[in-house]
Amino acid sequence: MTPIEAPATNPSAQPTAPPSASPAENEIPADSVFAIQLRTLSLAAPFHWLALGWRDFMRAPLIGAFYGLCFMLMGWALVAVFKHAPVYTLALSAGFLLVGPLTCLGLYQVSYRLEVGETPRLLDSLTVWRRRTGQLAIFGFVLLILEMLWARSALVVFAVSFNGMPDFAGSLSKLVDSQNLGFIAAYVAVGGLFAALIFAVSVISMPMLLHRETDAISAGLTSMRLVLTQMGVMLVWGALITVLVVLALLPGFAGLILVGPLLGHASWHAYREAVVDSPPPQAA
């Protein structure tokens, strides 16, 4: 029998493989906002973060008290300015939510040092921003724009609430007079809107920028993803922050000596629990 012959082939015809996408098209960058996974958190998680934050504070109380003292002095400075320029002071008071995350950078570094079994140092915490200067500057600029919009909105609320410039100088009680309830409601509503936006953008982004090789945009979007996908937990966390800060303000801002570092350390643990498979921290 004659073996079956294979059909003749044209040597010039080469089999064409299906076009393959380049690695850049198939792979998501390791720390892209689309690749960063988030854990599902329980409603009790914020209380756990506070417990861990208190533990960190007690392990490095002098450093924590230093940052808490800075928060208290900021409050005193605002009250001193209020006596002379109340309108602008109320507008600039929004800067608390701008300066807060930036000031807490040192507290995040302290919690990181404790997490890896090292002894935290004040100078190390004060200079930690140098590790990610560019990305932190970008994120700080975004917060600054939001703060400026908030300040401008506060001035608009003043303009539409009063006939002429009100005289609040020297007394906070003049501000909370019953005749100013409309102004207070509008101011709180506008402030709450901007506070919620800043909270959503920054709730885990600052510790994330210190801990991972990521960019400011990815960190901010990841923070917003966490807030939007787990709104219940984040509402509890935001409410706890608000209540603790308000209580800390009552005794002449002195409560910030404890509450400031407590919330800073707790925010580090919120990030560590929320983000899946965080890579090892960068070398200092």
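Owing to the predicted nature of the structure, the values given are computational and were not obtained by experimental measurement.
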### Euclidean distance, R212 CZ relative to Y271 OH, rounded to 0.5 Å
5.0 Å
### Query
Got L38 and V276 here, is their nearest side-chain heavy-atom distance under 4.5 Å?
no
### Validation row: H211, Y108 side chains within 4.5 angstrom (heavy atoms)
no
### Message
Using side-chain heavy atoms (C-beta onward) and a distance below 4.5 Å, is M208 in contact with I36?
### Response
yes
### Task
Please list, chain by chain and in numerical order, all residues satisfying side-chain hydrogen bond (donor to acceptor under 3.5 Å, both in side chains) with S267, sequence neighbours excluded.
none
### Task
Kindly work out whether a path of hydrophobic side-chain contacts (I/L/V/M/F/W/Y, heavy atoms less than 4.5 Å apart) joins M58 to I257.
yes
### Message
Determine whether a donor-acceptor pair (N or O, by modelled atom type, separation under 3.5 Å) exists between the side chain of S223 and the backbone of A200.
### Response
yes
### Query
For the atom pair CD (Q109) and SG (C104), what is the distance rounded to the nearest 0.5 Å?
13.5 Å
### Task
To the nearest 0.5 angstrom, please state how far the CG atom of L210 sits from the CD atom of Q135.
11.5 Å
### Task
Indicate the atoms forming the closest heavy-atom contact of S153 with V190, along with that distance.
CB-CG1, 3.6 Å
### Query
Would a 4.5 Å heavy-atom cut-off, applied to side chains only, mark P207 and Y112 as touching?
no
### Task
Indicate if F57 and L114 have the same hydrophobic cluster label, given that clusters are the connected sets of ILVMFWY residues with side-chain heavy-atom separations under 4.5 angstrom.
no
### Message
In this structure, would L262 and L52 fall into the same cluster of hydrophobic residues linked by side-chain contacts under 4.5 Å?
### Response
no
### Query
Can you find a heavy atom in the side chain of W76 that is under 4.5 Å from one in the side chain of L73?
yes
### Query
Taking all non-hydrogen atoms of both residues, which atom of F139 and which atom of S205 are closest, and how far apart?
CZ-OG, 2.9 Å
### Query
Is it true that V236 and V233 fall in one hydrophobic cluster, defined by side-chain heavy atoms closer than 4.5 Å?
yes
### Rounded distance (nearest 0.5 Å) linking atom CZ of F194 with atom CG of L149
5.0 Å
### Nearest-0.5 Å distance that lies between atom CG in L263 and atom CG in L244
5.5 Å
### Message
Is there a path of hydrophobic side-chain contacts, each under 4.5 Å between heavy atoms, that joins L143 and I145?
### Response
yes
### Task
Walk me through it: do Y67 and L126 pass the test side-chain contact (heavy atoms from CB on, under 4.5 Å)?
CA-CA 10 Å; Y67 283 98; L126 289 173; 3.5 Å; yes
### Summary
Of all heavy-atom pairs linking M224 and V201, the shortest is SD-CG2, 3.9 Å
### Side-chain touch F47/L240, heavy atoms, less than 4.5 angstrom
yes
### Query
Does CZ belonging to R55 count more than 12 external heavy atoms closer than 6.0 Å?
yes
### Query
Do the side chain of R113 and the main chain of D124 share a donor and acceptor less than 3.5 angstrom apart?
no
### Task
For the pair R39 (side chain) and R272 (backbone), establish whether a donor and an acceptor sit closer than 3.5 Å, ignoring hydrogens and angles.
yes
### Query
Where is the tightest heavy-atom contact between P261 and G68, given as atom of each residue plus distance?
CD-CA, 3.8 Å
### Query
Is any side-chain heavy atom of M206 less than 4.5 Å from a side-chain heavy atom of L136?
yes
## Note on the structure
Heavy atoms of H265 and S111 approach each other most closely as ND1-OG, 2.8 Å
### Message
A side-chain contact here means heavy atoms from C-beta on lying under 4.5 Å apart; do L41 and W237 qualify?
### Response
no
### Query
Could you give the distance from CG (L258) to CG (L247), rounded to the nearest 0.5 Å?
12.5 Å
### Message
On a heavy-atom basis, which atom in S218 and which in T222 lie closest, and how many Å separate them?
### Response
O-OG1, 2.7 Å
